[in-house]
Amino acid sequence: MPRPFALGLTPPDWLVRNLQPQQAPPVNRPAVARAAVALTLPLALGLAAGRPEYGALASMGALSGVISDTADAYRMRLLNIAVPQVFSAIGITLGSLVYGHGWVTVAALTGVALVSGMISTIGAVASVSGLLLLLNSVVGAGLPMPGDWWLAPLLMTGGGLLVLVQALLAWPLRAGVPERASVADTYRKVADLLAATTADTTGAYDTARHAVTQSLNQSYDLILARRARHHGRSPDLVRLLAQLNAVTPLVEAAPAVRLSGRPLPAEIPTAVRHIAEAVDTGYTGPLGLRLPTPTSETGKAVDQALRHAAEVVTEGSPDALTRADDHLGRTAPLRVRAARAARDVALSAASWRYGLRLALCIGIAQALVSLVAVPRSYWVALTITFVLKPDFGSVFSRALLRALGTVVGLVVAAAILAEVPRGWWDVPVMLCLAPLIPVFTPRGYGYQTAAITPVILLLSDILNHQGTGLLVPRLVDSLVGCGIALVAGYLLWPESWHARVGARLADAVADTAAYVEHVFGPGADDPTGRARKRRRLYRDLSAIRTEFQRALTEPPPTGRRAAAWWPLVVAVERIVDATTAARVRVKQGARPPSAAEVEQVSLQLRELAEGLRRTDVLYEVRSDLSGPPGSVLEALRQEVAAARTITSPPDGDAARWFRD
């Protein structure tokens, strides 16, 4: 509950949500050490060589690498840091080539913004690459670079590579350790989920299920990314993939246990955690599990799934594991995925829409600073670049946090620039500031901005020697950039005013209908199709949660409308659980539903999905879902009927809260 102000005022909920720090994981000490070395060492070398500006440029490149240094697996570190550095070098080169060319600079940066925005919609690595492409283009076009045209890209790339080298130093000694730890963590999350099936409230179970979904997504992303090149040649990879696949039956059994109302013995979650330890340590000896004799249909499903997982985890022969169930298929080769992504971006309306939004804002910013004398005007476009990112959350909340974070960062920078003389004193100062970036970044965008701002201002001062004269212009530029992003990148686009929870819910409901038809229809014997549809379904649920949390940070009325979707979000998750539980029961020998019953439930789900997509106000719909008593789909019919009741508010006032 927000604390009232002294004057009796209470801050609105959306503001409190924006200002609250995110729940951060434990501090990544190796990343902290890498940031300290990567940002400080180039600075010291530049000072020792009598060219501090060269050191500052290399440290700027290292800053880009530090921002990208977020992955645990070494192969993902290689991609996350190396690929963006290529785009960073391209950006600084393009920017320096158009420096001081007036309207040519405006046109060039606007074009770069369009390309940057479009490629940012591909995925996480592409998003950071697009960010650095535009970011360094703006820096190169706004600051005179020392030396020849190739020197600045070389120095900045060298700084980024310094981060990469540090990040990969332990690879020969710890190859496969992060992937194994990720799979083990998935097993631990599943143990928590099974333990939560007996919780008195649904909150604990829902939280545990969401954690399992996120852990599965992360583990599959890590394993399948490696598999594109190494499957069939790496016994360790074969083992990890088999172990990850083996956890799926346990995940499927959890909702069946929850709906049965019969608590699991405490030995079951304990056994899963024991298996997790075996995965984490690579142990393949006998586990000595002592499992109670199952006495129910769902208990048998859990027992079978647990014994299967234990058998796979302790299997010592990679050849035997190769024959294990593997239904997700191999990831396409990199060149195929790149070509597919390029085609999707070129044909995607959403990619063009975001690219045009970003290009419009950058064009306005560059035109403004070309017409109005603004010292070091590149900061306006930099602010827009950071604020207007499609996958970094709400534009409104990022603009707010950017402004607040900049103010905090400027206070720190003011003390440093006023009291610390230039020269070698900059080295210990940077040694203190650099570690704060990986420490505060997980806590939220405002905290990251507060940590990065004094670092950038210190490096900028080394390049242009403006001292405290940088502070007020940087604050004004940040506010101007936030204003342009809010008006031209947010308010002028009607899609920004709507929470997209309803559209994602519609996708999840439609995918649930397809899943019901597949697992209870002619595709019941197709494990590959079933596994892929199930994974897509759980990713849908994860995306819904993410979009819902993003929408809650929007100001009224968007945030208030988003909050009204929460009962339906829960209802859709319960529908997915009921579907999975029904399949588990059929697998254990229960009578399969008839084709007519499957068609009836599927039709109701598709009608619900279409209603969510096509209307601004959720309307009253049919919910006649009668069926044979004792059917395995009985619980699913009840959940679908409940969801359709939620979408039928009792009066017009309530209906207005569901506008999307």
Colleague: Determine whether more than 12 heavy atoms belonging to other residues, nucleotides or ligands lie under 6.0 Å from atom CH2 of Trp352.
Modeller: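 Counting neighbours around CH2 of Trp352, 12 or fewer heavy atoms of other residues, nucleotides or ligands fall under 6.0 Å, so no.
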
Colleague: Looking at Asp185 and Lys189, is there a salt bridge between them, counting it only when a charged N and a carboxylate O are closer than 4.0 Å?
Modeller: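 Salt bridge flag = yes for Asp185 with Lys189.
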
Colleague: Does atom CH2 (Trp425) have a neighbourhood of more than 12 heavy atoms from anything else shown, all under 6.0 Å?
Modeller: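 For Trp425, atom CH2 is not crowded (no more than 12 foreign heavy atoms under 6.0 Å).
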
Colleague: What verdict does the side-chain contact (heavy atoms from CB on, under 4.5 Å) test give for Leu43 and Leu459, after you've listed the backbone C-alpha separation in whole Å, the side-chain angles of each residue and the deciding distance to 0.1 Å?
Modeller: CA-CA 9 Å; Leu43 207 56; Leu459 296 176; 4.2 Å; yes

Colleague: Where is the tightest heavy-atom contact between Phe440 and Tyr447, given as atom of each residue plus distance?
Modeller: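 Smallest heavy-atom distance, with atoms named: O-CB, 3.5 Å.
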
Colleague: Run the numbers on Val212 and Thr186 for side-chain contact (heavy atoms from CB on, under 4.5 Å), then give the verdict.
Modeller: CA-CA 6 Å; Val212 167; Thr186 299; 5.5 Å; no

Colleague: Side-chain contact test, heavy atoms from C-beta onward, threshold under 4.5 Å: evaluate it for Val106 versus Thr110 and give yes or no.
Modeller: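 Yes, close enough: below the 4.5 Å cut-off.
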
Colleague: Please report the shortest heavy-atom distance between Ser116 and Leu134, naming the atom on each side.
Modeller: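 Shortest heavy-atom separation between Ser116 and Leu134 comes out as OG-CB, 3.7 Å.
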
Colleague: Take atom CZ of Arg422 as the centre, draw a 6.0 Å sphere, and report whether it contains more than 12 heavy atoms from other residues, nucleotides or ligands.
Modeller: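 Counting neighbours around CZ of Arg422, more than 12 heavy atoms of other residues, nucleotides or ligands fall under 6.0 Å, so yes.
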
Colleague: Using atom types as modelled and distance alone, determine if a side-chain donor or acceptor of Thr40 lies under 3.5 Å from a backbone N or O of Ala36.
Modeller: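 Checked: pair present.
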
Colleague: CG of Leu244 to CD1 of Ile223: how many Å apart, nearest 0.5 Å?
Modeller: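 Interatomic distance, Leu244 CG to Ile223 CD1, rounded to 0.5 Å: 6.5 Å.
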
Colleague: Could you go through residues 48-63 and list every donor-acceptor pair under 3.5 Å that involves a side-chain atom there, pairing it with any protein atom two or more places apart or in another chain?
Modeller:
| from | atom 1 | to | atom 2 | distance (Å) |
| --- | --- | --- | --- | --- |
| Arg51 | NE | Glu53 | OE2 | 2.8 |
| Arg51 | NH2 | Glu53 | OE2 | 3.0 |
| Arg51 | NH2 | Tyr54 | OH | 3.3 |
| Ser59 | OG | Leu39 | O | 2.9 |
| Ser59 | OG | Gly55 | O | 3.1 |

Colleague: Nearest 0.5 Å, what's the CD-CD distance between Glu179 and Gln243?
Modeller: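 It comes to 12.5 Å.
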
Colleague: With a 3.5 Å distance limit and no angle check, can you tell me whether Arg504 reaches the backbone of Ile544 through a side-chain donor-acceptor pair?
Modeller: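 The answer is no, because no donor-acceptor pair under 3.5 Å joins these two groups.
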
Colleague: Flag the pair Leu457 / Trp379 as yes when at least one side-chain heavy-atom distance between them is below 4.5 Å, and no otherwise.
Modeller: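 They are in side-chain contact.
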
Colleague: With side chains defined as the heavy atoms from C-beta onward, is the minimum distance between Asp69 and Asn80 less than 4.5 Å?
Modeller: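 No, too far: nothing below the 4.5 Å cut-off.
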
Colleague: Does any part of the side chain of Val66, heavy atoms only, come nearer than 4.5 Å to the side chain of Arg34, both counted from C-beta?
Modeller: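 They are not in side-chain contact.
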
Colleague: For Pro172 and Leu169, work out which heavy atoms get closest and say how close.
Modeller: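 Heavy atoms of Pro172 and Leu169 come nearest at CD-O, 3.4 Å.
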
Colleague: How many angstroms lie between CD in Gln448 and CZ in Arg443, if you round to the nearest 0.5 Å?
Modeller: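 Result: 13.5 Å between the selected atoms.
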
Colleague: Atom CG in Leu161, atom CD in Gln85: separation rounded to 0.5 Å?
Modeller: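 Separation between the atoms: 6.5 Å.
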
Colleague: Can you tell me how far the CG atom of Leu358 sits from the OG1 atom of Thr385, to the nearest 0.5 Å?
Modeller: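 Between atom CG of Leu358 and atom OG1 of Thr385 there are 6.0 Å.
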
Colleague: Would you give me the side-chain donor-acceptor pairs under 3.5 Å for residues 135-145, sequence neighbours excluded?
Modeller:
| from | atom 1 | to | atom 2 | distance (Å) |
| --- | --- | --- | --- | --- |
| Asn136 | ND2 | Ser88 | OG | 2.8 |
| Asn136 | ND2 | Leu132 | O | 2.9 |
| Ser137 | OG | Gly91 | O | 3.2 |
| Ser137 | OG | Leu133 | O | 2.7 |

Colleague: Would you mind reporting whether Thr383 and Asp477 have side-chain heavy atoms less than 4.5 Å apart?
Modeller: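 No, every pair of side-chain atoms sits at 4.5 Å or beyond.
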
Colleague: Identify the two heavy atoms, one from Met430 and one from Pro435, that lie closest to each other, and give their separation to 0.1 Å.
Modeller: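 Scanning both residues, the minimum pair turns out to be O-CD, 4.2 Å.
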
Colleague: Mind listing the closest non-hydrogen atom pair of Arg180 and Leu240 along with its distance?
Modeller: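 Between these two residues, the closest heavy atoms are CA-CD2, 3.7 Å.
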
Colleague: Determine the minimum heavy-atom distance between Ala35 and Ala434, stating which atoms define it.
Modeller: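 Here Ala35 and Ala434 meet closest at O-CB, 3.5 Å.
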
Colleague: Under a 4.5 Å cut-off applied to non-hydrogen side-chain atoms, are Ile416 and Leu433 in contact?
Modeller: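 They are in side-chain contact.
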
Colleague: What pairs with Ile122 under side chain to side chain contact (heavy atoms under 4.5 Å, CB included), at least two apart in sequence or on another chain?
Modeller: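 So Ile122 forms a side chain to side chain contact (heavy atoms under 4.5 Å, CB included) with Ile119, Ala126, Ala341, Val345.
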
Colleague: For Val480 and Leu368: C-alpha separation, side-chain torsions, deciding distance, then whether side-chain contact (heavy atoms from CB on, under 4.5 Å) applies.
Modeller: CA-CA 10 Å; Val480 171; Leu368 175 66; 3.9 Å; yes

Colleague: Using a 3.5 Å distance criterion without hydrogens, assess whether the side chain of Thr157 forms a donor-acceptor pair with backbone atoms of Pro153.
Modeller: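 Flag set: sc Thr157 to bb Pro153 pair under 3.5 Å.
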
Colleague: Consider side chain to side chain contact (heavy atoms under 4.5 Å, CB included). Of Leu431, Val427, Leu162, which one does Leu41 pass it with?
Modeller: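 Passing option: Leu162.
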
Colleague: Less than 3.5 Å apart, any donor N or O on the side chain of Thr93 or Trp149 sitting next to an acceptor on the other?
Modeller: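 No, no side-chain donor-acceptor contact under 3.5 Å.
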
Colleague: Taking Ser68 as the fixed residue, which of Val125, Leu131, Val128, Val83 is the one that meets the side chain to side chain contact (heavy atoms under 4.5 Å, CB included) rule?
Modeller: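 Going through Val125, Leu131, Val128, Val83 one by one, the side chain to side chain contact (heavy atoms under 4.5 Å, CB included) with Ser68 is satisfied by Val128 alone.
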
Colleague: Distance from Leu222 atom CG to Ser182 atom OG, nearest 0.5 Å?
Modeller: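 Here the rounded value is 5.0 Å.
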
